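To keep things clear, I will list the structure first and then write my remarks on it.
Keep in mind that this is a model prediction, so the values were computed, not measured.
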Amino acid sequence: MNITVVGTGFVGVVSSAVYASLGHKVTGLDISEERIKALKNSKVPFFEPGLEELLESEQNKGGLTFTTSYTDAIPHSDLIIIAVGTPSSESGEVDLRFVHSVVDSVAPLIKKDTIIAVKSTVPPGTFSELSKRIKSKTDVSFYLASLPEFLKEGSAVEDSLHPDRVVIGSSDDSVIEQLKKLHEPLGAPLIVVSAESAQMGKYAANSYLAIRITFINEIANLCEANGSDIDQVIDVFGHDARIGKHYWYPGFGYGGSCFPKDVKELSHVSKQNGDDSSLFSYITQRNTERIPKLLEEFEKKVGGFDNKKVAVLGLSFKPNTDDTREAPSLHLIPLLLEKGAEVQGYDPKASVTEFIEDTSYSEVSSIEEACEEADVIFAVIEWNEITSFDFSKVFKKSSQYFIDARNQFSSESIKKIGFNYIGIGKH
Ligand code: UGA
């Protein structure tokens, strides 16, 4: 198939490389000259394990090219995949302006029966507007389909080459056939549903995971208050096959570019349907309150942050990415500074200096440097480099605190070094 993937962000670049690896002729298209120039040289403008290698190998094989020109790419495309961002607007409603702009650019150039598949996360109902926009610019027939993406940052290549399911949202037999054929080599179950169900399924998946995270954080709060241990509690309920043991890490709440915005969208839609106090509004509120509330607790335990030296380890929103969108560090560090702390941040790949311009904040290039003289060490993100670090190397005095904000360390071993250990939902 001749495939054009529009949008060379996270999902776009990974998808382009993966479809090329399946033997298709793929063009990645973006309006950013700078981005395309970099991609032509197999340079990915963000950090994602294994992606540059895959990109380079597919480019060398000749199946993958990049362009800024709609006119060059679109007229030959059998399938156009839209993979641009759908951020939240001020009101929490999804902002579809980038999807609309792609559709407006693509429409006059499509050939007869092109499939336009939307990978961007969009709400059910979006296709009637898209269809109207396309029909206003072309007379040829076309198909709209939904192809929601379920990859996770940090393991995007692996997730895309070995997905746990591929969802095809379409009611047209020929489109379903073509999209099935395209994805069959991935060996994953193919779930064929209506476009609306595919779109809603994506929102439901992300919101459910966000609810799980909020739930485990609230259970951790109770463990903290009643003397139980969150790890043991997870062990107890996780043996129930309906619940399972995975994806239950309490911490600073969920971040990243997907969960916060997708939960907000469901909250917004619920409000539009007359439900002002939906579960989704509550989850958003609890997640937003999470860091300030936890920090108040920590403040009491460490005897205040004023004039303290604090090391913040892990600045990205999760490990194996340099993405800092809705990262805990962006909320945590300004609050620590407000409370009078001097903060040194470290991350293997990410930086937040462009967002935090305060002379009491600096970024350093190693865990050792960040922890030098630190009164309090925050282990925020579970990068392997951080969780496998030997913290006895930076232990100085018995008044030092170690805050294990993702419960990645054994409290015994940290206490044995000499630190005062604080975990989440632990004692
Ligand atoms: C998420 C979904 O997991 C993907 O399936 C989906 O395709 C993607 O959004 C998307 O919509 O594009 P991602 O945002 O990359 O993927 O990251 P996750 O690993 O799911 O983590 C999201 C947030 O939840 C992070 O802040 C993470 O630290 C937090 N989290 C995760 C917890 O606090 N506890 C957990 O147990 C798991």
Side-chain angles (χ1 to χ4, degrees), residues 46-50 152-155 158 220 229-231 234 247-253 255-256 291 294-295 298 301-302 305 308-324 327-333 335-337 341-353 356 360-427:
F46 45 83
F47 172 69
E48 179 61 38
K152 300 181 288 300
E153 292 191 25
S155 56
E158 186 55 27
D229 179 286
I230 190 69
D231 287 342
I234 292 169
Y247 215 78
W248 284 127
Y249 304 105
F252 274 136
I291 293 179
L294 260 189
L295 203 57
F298 295 151
K301 290 182 180 166
V302 308
F305 287 109
K308 296 261 169 77
K309 292 204 163 150
V310 177
V312 172
L313 306 179
L315 305 170
S316 53
F317 89 93
K318 63 184 278 190
N320 300 321
T321 178
D322 57 2
D323 193 342
T324 59
S329 62
L330 289 174
H331 302 282
L332 175 67
I333 296 170
L335 286 172
L336 286 167
L337 296 171
E342 191 183 312
V343 183
Q344 305 228 74
Y346 170 73
D347 189 283
K349 294 284 174 194
S351 165
V352 292
T353 44
I356 305 174
S360 298
Y361 176 65
S362 56
E363 262 167 39
V364 291
S365 54
S366 70
I367 299 178
E368 280 95 335
E369 257 184 279
C371 297
E372 215 181 352
E373 309 298 334
D375 300 296
V376 183
I377 296 171
F378 272 91
V380 180
I381 299 296
E382 65 278 25
W383 281 93
N384 193 33
E385 184 186 331
I386 297 170
T387 56
S388 62
F389 185 76
D390 174 6
F391 280 92
S392 68
K393 287 197 212 159
V394 294
F395 175 72
K396 290 267 166 58
K397 51 192 177 192
S398 60
S399 59
Q400 267 177 310
Y401 281 87
F402 187 97
I403 301 183
D404 180 9
R406 293 290 299 197
N407 286 354
Q408 294 289 310
F409 297 83
S410 118
S411 57
E412 281 73 36
S413 59
I414 295 291
K415 282 179 192 162
K416 212 160 129 201
I417 297 173
F419 288 105
N420 298 288
Y421 175 87
I422 303 176
I424 306 277
K426 284 165 163 257
H427 298 271

Response to the item:
With sequence neighbours left out, the residues meeting side-chain hydrogen bond (donor to acceptor under 3.5 Å, both in side chains) with E385 are Y346

Discussion item. Just verifying a value: how many Å separate F391 CZ and I414 CD1, rounded to the nearest 0.5 Å?
Written reply: 6.5 Å

Worksheet, complete the sentence: What one should report as the nearest heavy-atom pair of L315 and I381 is N-CG1, 4.4 Å

Discussion item. Taking the ring of F402 and the ring of F395, is the distance between their centroids below 6.0 Å?
Written reply: no

Worksheet entry | Pairing residues for S399 by the side chain to side chain contact (heavy atoms under 4.5 Å, CB included) criterion, not counting sequence neighbours | K397

Worksheet entry | Partners meeting salt bridge (charged side-chain N to carboxylate O under 4.0 Å, His left out) with K415 (sequence neighbours left out) | none

Discussion item. Holding to ring-ring contact (aromatic ring centres under 6.0 Å, His included), I want the full list of residues that pass it with Y249, two or more places apart in sequence or in another chain.
Written reply: none

Discussion item. Side chains of E342 and S360: any donor to acceptor distance under 3.5 Å?
Written reply: no

Discussion item. For a 4.5 angstrom cut-off between non-hydrogen side-chain atoms, does E153 reach F317?
Written reply: yes

Worksheet item: Which residues satisfy the side-chain hydrogen bond (donor to acceptor under 3.5 Å, both in side chains) test with K396, sequence neighbours excluded?
Response: none

Worksheet item: Looking only at heavy atoms, what is the nearest atom pair of A341 and V310, with distance?
Response: CB-CG2, 3.8 Å

Worksheet entry | Intermediate values then yes/no, side-chain contact (heavy atoms from CB on, under 4.5 Å), F378 and I333 | CA-CA 10 Å; F378 272 91; I333 296 170; over 6 Å; no

Practice prompt. Report the residues that fulfil side-chain hydrogen bond (donor to acceptor under 3.5 Å, both in side chains) with S410, sequence neighbours left out, ordered by chain and then residue number.
Written response: S413

Worksheet item: Nearest heavy-atom pair of K393 and E368: which atoms, and what distance?
Response: NZ-OE2, 3.9 Å

Discussion item. Holding to side-chain hydrogen bond (donor to acceptor under 3.5 Å, both in side chains), I want the full list of residues that pass it with S155, two or more places apart in sequence or in another chain.
Written reply: D159

Discussion item. Using side-chain heavy atoms (C-beta onward) and a distance below 4.5 Å, is L332 in contact with L294?
Written reply: no

Discussion item. My understanding is that only residues two or more places apart in sequence, or in another chain, count here; which of them pass side chain to side chain contact (heavy atoms under 4.5 Å, CB included) with K349?
Written reply: F47, D322, D347, W383

Fill in: Test side-chain contact (heavy atoms from CB on, under 4.5 Å) applied to I356 and L337, step by step
CA-CA 10 Å; I356 305 174; L337 296 171; 3.7 Å; yes

Fill in: K301, NZ atom: more than 12 neighbouring heavy atoms under 6.0 Å
yes

Response to the item:
On a heavy-atom basis, the closest approach of P328 and S316 is CD-O, 4.2 Å

Worksheet item: Is there a donor-acceptor pair closer than 3.5 Å between any side-chain N or O of T324 and the backbone N or O of A327?
Response: no

Discussion item. One pair to check against side-chain contact (heavy atoms from CB on, under 4.5 Å): F419 and I377. What are the steps and the verdict?
Written reply: CA-CA 10 Å; F419 288 105; I377 296 171; 3.8 Å; yes

Worksheet item: Going from CD1 on I422 to CZ on F298, what distance comes out if it is rounded to the nearest 0.5 angstrom?
Response: 6.5 Å

Practice prompt. List the atom of I386, the atom of L313, and the distance in Å for their closest heavy-atom pair.
Written response: CD1-C, 3.7 Å

Worksheet entry | N/O donor-acceptor pair under 3.5 Å between K308 side chain and A374 backbone | no

Practice prompt. With the side chain counted from C-beta on, respond yes when F389 and F409 share a heavy-atom pair under 4.5 Å apart, and no when they do not.
Written response: no

Worksheet item: With no hydrogens and no angle check, do the side chains of Q408 and T387 hold a donor and an acceptor under 3.5 Å apart?
Response: no

Fill in: Sequence neighbours excluded - salt bridge (Lys or Arg N to Asp or Glu O under 4.0 Å) pairs with any residue from residues 309-320
none

Discussion item. Can a donor-acceptor pair be found, under 3.5 Å and without considering hydrogens, that links the side chain of E363 to the backbone of V352?
Written reply: yes

Discussion item. Going by side chain to side chain contact (heavy atoms under 4.5 Å, CB included), name the residues that satisfy it together with N420, two or more places apart in sequence or in a different chain.
Written reply: Y401

Worksheet, complete the sentence: All heavy atoms of P250 vs all of A220, minimum pair found to be CB-CB, 4.1 Å

Item to complete: Evaluate the side-chain proximity of L336 to Y361: yes if any heavy-atom separation is below 4.5 Å, no if none is.
Response: no

Worksheet item: How would you list, by chain and number, every residue that makes a salt bridge (charged side-chain N to carboxylate O under 4.0 Å, His left out) with E382, sequence neighbours excluded?
Response: R406

Fill in: Counterpart residues, side chain to side chain contact (heavy atoms under 4.5 Å, CB included), relative to K426 (two or more places apart)
D229, I230, D231, N407, Y421

